[in-house]
Trainee: 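To start, I am sharing the structure in question, which I have written as structure tokens.
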Amino acid sequence: MKISARNKLHGTILDVTKGATTAHVRIDVGGGAVVTASITNEAVDELKLTKGQKAYAVIKATDVMVGMD
């Protein structure tokens, strides 16, 4: 896989929940962390995403915010 994003987290799909037009895909990336992606139902079907499948959470953002108490 060649992509420009530098933040690629390898993990395992915990579940795929389809809605009317978009789906939530939860990926266990280890260390107790779970990343949830909101993607189209069409993308879920094209990629044939299923629970237990190995996948990457690819994060591409122009802004990252940091908060403190």
Trainee: Does any pair with a residue in residues 34-45 pass side-chain hydrogen bond (donor to acceptor under 3.5 Å, both in side chains), and if so which ones, sequence neighbours excluded?
Mentor: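 Those involving residues 34-45 are K18-D45.
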
Trainee: Look up atom CD in Q53 and atom CD1 in I27, then write down how far apart they are to the nearest 0.5 Å.
Mentor: 9.5 Å

Trainee: Same hydrophobic cluster for I13 and Y56, using side-chain heavy-atom links shorter than 4.5 Å among ILVMFWY?
Mentor: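 No; tracing contacts between hydrophobic side chains, which count when under 4.5 Å, never links both residues.
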
Trainee: Mind running side-chain contact (heavy atoms from CB on, under 4.5 Å) on I3 and K8 for me, showing each step along the way?
Mentor: CA-CA 9 Å; I3 55 175; K8 298 177 281 193; 3.7 Å; yes

Trainee: Please determine whether residues V29 and L14 belong to a single hydrophobic cluster, defined as Ile, Leu, Val, Met, Phe, Trp and Tyr linked transitively by side-chain heavy-atom distances below 4.5 Å.
Mentor: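 No, V29 does not connect to L14 through the hydrophobic network.
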
Trainee: For the residue pair A33 and D28, what are the closest heavy atoms and their distance?
Mentor: O-OD1, 3.4 Å

Trainee: Got a sec, which residues hit side-chain contact (heavy atoms from CB on, under 4.5 Å) with K51, two or more places apart in sequence or on another chain?
Mentor: none

Trainee: Using the rule that Ile, Leu, Val, Met, Phe, Trp and Tyr join whenever any side-chain heavy atoms are under 4.5 Å apart, tell me whether V34 and V44 fall into a single cluster.
Mentor: no

Trainee: Would a hydrophobic clustering, with Ile, Leu, Val, Met, Phe, Trp and Tyr connected at side-chain separations under 4.5 Å, put V16 with V58?
Mentor: no

Trainee: Do L49 and I39 have side chains that get closer than 4.5 Å, going by heavy atoms?
Mentor: yes

